[in-house]
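Here the structure comes first, spelled out in structure tokens, and everything after it is commentary.
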Amino acid sequence: MKLYDQPAHVLHDMLVNKEITATELTQAVLARMDAVEDEVGAYLTQTRDTALQQAAQTDAKIARGEAIAFLEGIPGALKDNICTKGVKTTCASKILEHFVPPYNAAVVEKLQAANPVLLGKTNMDEFAMGGSTENSAYHPTHNPWNTECVPGGSSGGSAAAVAAGMAIWALGSDTGGSIRQPASFCGVVGMKPTYGRVSRYGLVAYASSLDQIGPLTRDVTDCAHLLNVIAGHDAMDSTSSAAAVPDYTKALVQDVKGLKIGLPKEYFVKGMDADVEKAIRTAIEQFRVLGAEIIDISLPHTEYAISTYYLIAPAEAATNLERYDGVSYGERIDGVDIMEMMTNTRTQKFGAEVKRRIMIGNYALSAGYYDAYYLKALKVRTLIQQDYAKAFETVDVIVAPTAPTPAFKIGSMISDPLQMYLQDVCTVPLNLAGLPGISVPCGYSNQHMPIGLQIIGKPLAEETLLRTAYTYEQSQSFHKEMAVLGGKQA
Ligand code: GLN
């Protein structure tokens with residue numbers, strides 16, 4: 001048995017039963033990184049030494065007969081926009097190339113209380129702007145299922161690391177699909193919790209009213225465990241929810257009998273890949289067999305979601321990224337005066353997509369255009385929220401594709417930003433409405449690339465999502481298959 005192939009809940013039991021040590025497990029994952037990281041490029045920074053120290057601490061604890069927390073001794077990775085004290089956090093941008101945060105993000109503090117092994121920081125689209133990880137200023141990440149394809153994005157490094165056995169679990173962030181879409185492309189489970197469920201303190205801001213941190217894992221069970229660790233109120237994030245955190249593992253029951261599942265016709269978009277549609281329709285039939293009731297619904301404003309998102313997100317980004325001026329933050333490129341210095345800094349250190357969004361955002365916010373673009377987008381955002389609220393009067397969850405296609409070839413879309421934005425059609429509406437969503441593997445394309453099924457819930461209905469996803473997952477075996485690299489598993 002390959003240790004790096006196993007989900008965290010299996011490895012946790014093996015640690016507790018003393019069948020393996022945390023050091024052996026960490027070494028197995030590090031060896032896997034040695035074997036395949038050159039092909040995949042999931043990491044920006046590796047913290048191997050501290051990883052082995054953390055593993056040794058867990059082993060000492062087990063040897064002393066002490067109980068260990070769920071994640072204790074289990075190697076995982078963090079997206080590089082999550083601040084880690086003393087460990088570089090670059091957001092895959094040249095402007096933060098040498099930024100070492102003086103503090104931990106709230107989620108990192110929570111994780112550290114559970115003593116996991118942290119392997120490093122994962123690659124992403126620069127400042128989380130993108131859906132393919134090709135916008136990283138350092139290198140692209142390759143999909144472990146076919147290294148000619150993208151892993152999705154912007155949390156592509158996290159998804160690829162989990163899919164390739166280079167991390168047992170990972171955290172990503174999702175502003176418009178950045179956890180769910182790479183999970184779908186890489187055949188892993190990814191959840192965007194309800195806006196406010198997980199603290200954003202220490203997550204480098206892209207679009208603050210949409211950003212949310214969440215888990216990327218091998219299966220739904222691990223997702224529930226990881227959410228238990230990271231969820232909860234935080235006084236440092238004024239948008240964080242005060243709602244009590246349940247034990248999400250209690251939701252891991254196989255039962256969807258009588259569950260009302262909404263099927264929104266607008267999510268089966270024109271141009272959707274035939275293999276994706278087939279896999280989703282097969283999954284829906286499976287839910288029917290499992291006892292759920294399938295109800296056709298309409299979310300009529302879905303067609304405006306992309307335009308709304310691509311006004312609101314860049315507007316917030318333009319504001320958030322003002323701090324990278326070579327003074328407050330950012331690598332400074334000198335000039336003859338402050339104006340030239342800031343211009344040089346921002347021109348030379350931001351990538352093309354980031355500049356594009358700063359320009360769109362400032363345009364949408366500028367006098368004369370504010371009402372026509374930004375304000376109008378806010379109003380449409382309300383209409384999208386109302387569509388869901390109305391649908392949830394009749395259904396318990398909504399099921400849809402996570403992405404309209406499987407992973408595409410590296411380079412095939414990067415020169416056509418509009419085409420790339422259209423990829424987000426099934427994921428951005430949830431962020432606009434603040435709703436939780438989970439992507440679970442539900443099949444393969446005819447090229448054997450993974451396809452993800454998206455389950456969408458009411459605000460704070462993570463338990464319903466987990467129960468629905470778990471019941472489906474346990475009825476098939478997609479989550480058990482690992483990506484094959486280089487024609488064979490190393
Ligand atoms: N693909 C979307 C974008 O480019 C979503 C990104 C995200 O969720 N961070 O903005």
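When reading the values below, keep in mind they use all heavy atoms of this one structure, side chains included, and skip hydrogens, waters and symmetry mates. Model, not experiment: these values are computed from the prediction. Counting starts at 1 for both ligands and their atoms, following the listed order.
In this structure, the protein non-hydrogen atom closest to atom 2 (C) of ligand 1 is Asp424 OD2, 3.2 Å.
For ligand 1, the atoms closer than 4.0 angstrom to any heavy atom of Ser154 are 9 (N). Distances below 4.0 Å separate heavy atoms of Tyr310 from the following atoms of ligand 1: 1 (N), 2 (C), 3 (C), 4 (O), 10 (O). The Tyr309 neighbourhood of ligand 1 comprises atoms 2 (C), 3 (C), 5 (C), 6 (C), 10 (O), with distances under 4.0 Å to a heavy atom of that residue. Listed by number with element, the atoms of ligand 1 under 4.0 angstrom from any heavy atom of Tyr206 are 9 (N), 10 (O). Each of the atoms 6 (C), 7 (C), 9 (N) of ligand 1 lies under 4.0 Å from some heavy atom of Ala128.
In summary, the side chains of Ser173 and Lys79 do present a donor paired with an acceptor at a separation below 3.5 Å, with no hydrogens or angles considered. Using a 3.5 Å distance cut-off with no hydrogens or angles, the side chains of Thr345 and Glu331 do not pair a donor with an acceptor. Between Glu462 and Thr194, the side chains place a donor N or O and an acceptor N or O closer than 3.5 Å (distance only, hydrogens not considered). Looking only at atom types and distance, the side chain of Gln181 has no donor-acceptor partner in the side chain of Thr402 under 3.5 Å away.
In terms of polar-atom proximity, defined here as any N/O pair under 3.5 Å, Gly153 makes no such contact with ligand 1. Residue Arg357 has at least one nitrogen or oxygen atom sitting less than 3.5 Å from a nitrogen or oxygen atom of ligand 1, judged on distance alone. In terms of polar-atom proximity, Ser178 is counted as a contact of ligand 1, with an N or O under 3.5 Å from an N or O of the ligand. Residue-to-ligand polar distances place Gly177 within reach of ligand 1: an N/O pair is separated by less than 3.5 Å.
Partner Lys121 forms a side chain to side chain donor-acceptor pair (under 3.5 Å) with one of Thr90, Thr45, Thr89 and no other, that one being Thr89.
The pair Glu148-Lys409 meets the salt-bridge criterion, since a charged nitrogen lies less than 4.0 angstrom from a carboxylate oxygen. The pair Arg200-Asp211 fails the salt-bridge criterion, with no side-chain N (NZ, NE, NH1 or NH2) lying under 4.0 Å from an Asp/Glu carboxylate O.
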